[in-house]
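Chain naming here is simple, since letters A, B, ... match the order of the sequence lines and numbering starts at 1 in each. None of these values were measured; they are calculated from a predicted model.
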Number of protein chains: 2
Amino acid sequence: MGKQKDEARKLANQLCFAVYSTAHAFNKAYKPLLDPLGLTYPQYLVMLILWDEDEVTVKELGHRLQLDSGTLTPLLKRLEANGLVTRRRSEVDERRVVVALTAAGKALDAKAGEVPHKLFCATGMTLEGLNRMREELLALRGELTSSHDPGGAG
Amino acid sequence: MGKQKDEARKLANQLCFAVYSTAHAFNKAYKPLLDPLGLTYPQYLVMLILWDEDEVTVKELGHRLQLDSGTLTPLLKRLEANGLVTRRRSEVDERRVVVALTAAGKALDAKAGEVPHKLFCATGMTLEGLNRMREELLALRGELTSSHDPGGAG
DNA sequence: TACAATTTGATTGCGTGCAATTGAATTTTG
DNA sequence: CAAAATTCAATTGCACGCAATCAAATTGTA
């Protein structure tokens with residue numbers, strides 16, 4: 001009695017592990033593509049935003065990547081140490097730190113051009129499939145964040 | 001020309017980020033459920049296996065969780081320090097380390113009983129939806145690992 | 001039995017990821 | 001304008017996660 005329900009509920013655990021281990025698999029798939037660029041995957045995510053906009057605050061990066069300053073500050077310092085970005089206080093609000101690309105950082109965009117295509121091939125999926133799974137994951141993420149964050153809809 | 005293709009290919013990047021950020025969201029959803037048990041999510045994964053089998057080698061844990069000894073050894077030492085598991089060399093092959101539950105480790109199973117149900121509710125998904133997404137993610141993971149691992153199916 | 005190759009776990013070093021705290025700058029409020 | 005509340009980044013401490021390396025045990029082979 002209830003045994004079937006118990007087994008069914010374990011599916012949530014299994015789905016979480018599937019997400020968890022797929023994230024690791026993505027990381028490993030990116031590694032050989034990003035190593036030649038001298039970037040880790042989270043660093044690459046930051047560079048993608050900067051290649052699109054060039055000047056972004058730490059807060060904005062944190063909002064878009066869902067990461068806090070405890071993660072971003074040291075990551076950005078490493079990008080700075082590698083000569084890819086600069087960090088300076090905003091003139092209008094000195095609490096803000098503006099991250100911007102250096103010439104080397106901008107130049108890296110060209111070298112990274114092949115990455116999305118190679119990743120696409122590595123997934124073995126169709127564009128429709130990619131798009132659908134992305135939507136489903138973002139919907140799930142929304143549910144999860146609203147469930148433990150009192151500010152959410154749930 | 002090719003612009004549409006370029007945009008389309010970025011979907012792979014976006015899917016990866018969706019997986020990446022959903023994994024973080026799962027972690028945060030688990031945290032309030034696992035904190036009272038004194039477990040982190042990776043530690044919970046190890047305990048799930050042990051609650052099912054009790055005696056497992058480090059190699060077997062690594063195979064099932066897709067983690068290596070660099071991650072598992074310190075994690076298992078923390079579980080041991082917290083009195084939940086024991087670690088001993090196998091008698092038949094002293095290279096192997098057998099991880100087993102203590103009485104406290106076995107007792108924790110009962111306290112963890114509510115976790116899967118609460119997680120299931122947090123996903124807001126149907127059992128069919130959970131099952132389908134899990135299958136799709138595992139298929140994707142298989143593609144990704146075979147793409148950069150020469151030992152795979154190609 | 002010797003000796004090389006393999007298996008297994010431990011260690012080291014580096015880079016996230018996050019909760020909690022701190023401190024400076026800004027905004028709000030009386 | 002001055003005090004309180006808020007915002008923002010930095011810092012600290014802890015726990016993964018992984019590549020590379022090491023050491024011990026086992027297996028294969030002559």
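Across the protein-nucleic acid pair, A/His24 atom NE2 and D/dA19 atom P stand 11 Å apart, rounded to whole Å. Computed from coordinates, the B/Lys77 NZ to D/dA15 P distance equals 14 Å when rounded to whole Å. Counting to the nearest Å, the P atom of C/dT16 and the CG atom of A/Leu34 are 11 Å from each other. In this structure, CD of A/Glu60 is placed 11 Å from P of D/dC8, rounded to the nearest angstrom. With rounding to whole Å, B/Leu76 atom CG is found 14 Å from D/dA15 atom P. Whole-Å rounding puts the B/Asp35 CG to D/dC14 P distance at 16 Å. If you measure from atom CG of A/Leu72 to atom P of C/dG17, you get 9 Å, rounded to the nearest angstrom. When the P atom of C/dT16 is taken as reference, atom CE of A/Met47 falls 13 Å away, rounded to whole Å.
Neither side chain, A/Thr57 nor A/Arg96, offers a donor N or O lying under 3.5 Å from an acceptor on the other.
Taking 4.0 angstrom as the limit, B/Tyr20 places a side-chain polar atom (N or O) nearer than this to OP1 or OP2 of C/dG17. In this structure, B/Lys31 does not reach the D/dC16 phosphate: none of its side-chain N or O atoms is under 4.0 Å from OP1 or OP2. Note on A/Gln43: a side-chain N or O is less than 4.0 Å away from OP1 or OP2 of C/dT16. Phosphate proximity of C/dT16 to A/Thr71: absent, as no side-chain N or O sits under 4.0 Å from OP1 or OP2. Regarding contacts with the backbone of C/dA25, every side-chain N or O of A/Arg89 stays at 4.0 angstrom or more from both OP1 and OP2. In terms of phosphate contacts, A/Thr40 brings a side-chain nitrogen or oxygen within less than 4.0 Å of OP1 or OP2 of C/dT16.
Here D/dT26 is the nucleotide among D/dA10, D/dT26, C/dG15 with the atom lying nearest to any side-chain atom of B/Asp93. Counting only heavy atoms from C-beta on, A/Asp68 has its side chain closest to C/dA19 among C/dA19, D/dA10, C/dA10. The B/Arg78 side chain lies nearest to D/dA15 when the options are C/dG17, D/dA15, C/dG9. The A/Thr73 side chain lies nearest to D/dT11 when the options are D/dG17, D/dT11, C/dT11.
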Give me the distances for all protein-to-nucleotides 3-7 of chain C N/O pairs that come in under 3.5 Å?
unit_1, atom_1, unit_2, atom_2, d
C/dT7, O4', B/Arg95, NH1, 3.3
C/dT7, O2, B/Arg95, NH1, 3.1

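Partners of A/Tyr20 under the side-chain hydrogen bond (donor to acceptor under 3.5 Å, both in side chains) rule, at least two apart in sequence or in another chain, do not exist in this structure. Scored by the ring-ring contact (aromatic ring centres under 6.0 Å, His included) test, B/Tyr44 finds B/Tyr30 as partners (sequence neighbours excluded).
Distance alone, capped at 3.5 Å, places no donor-acceptor pair between the B/Ser69 side chain and the B/Leu72 backbone.
Comment: A/Arg89 does not engage A/Glu94 in a salt bridge, judged by the lack of any side-chain N to carboxylate O separation of less than 4.0 angstrom. Taking 4.0 Å as the cut-off between side-chain N and carboxylate O, A/Arg132 and A/Glu136 count as a salt-bridged pair. By the 4.0 Å N-to-carboxylate-O rule, B/Arg88 lies too far from B/Glu80 to be salt-bridged with it.
Across the interface with DNA chain C, nearest-nucleotide mapping of B/Asn27 and B/Ser69 shows B/Ser69 to be the residue nearer the 5′ end.
Among the protein residues, A/Leu67 comes within range of the sugar-phosphate backbone only, with heavy atoms under 4.0 Å from sugar or phosphate atoms but none that close to a base.
Residues B/Leu138 and B/Phe26 fall into different hydrophobic clusters, defined by Ile, Leu, Val, Met, Phe, Trp and Tyr side chains chained together at heavy-atom separations under 4.5 Å.
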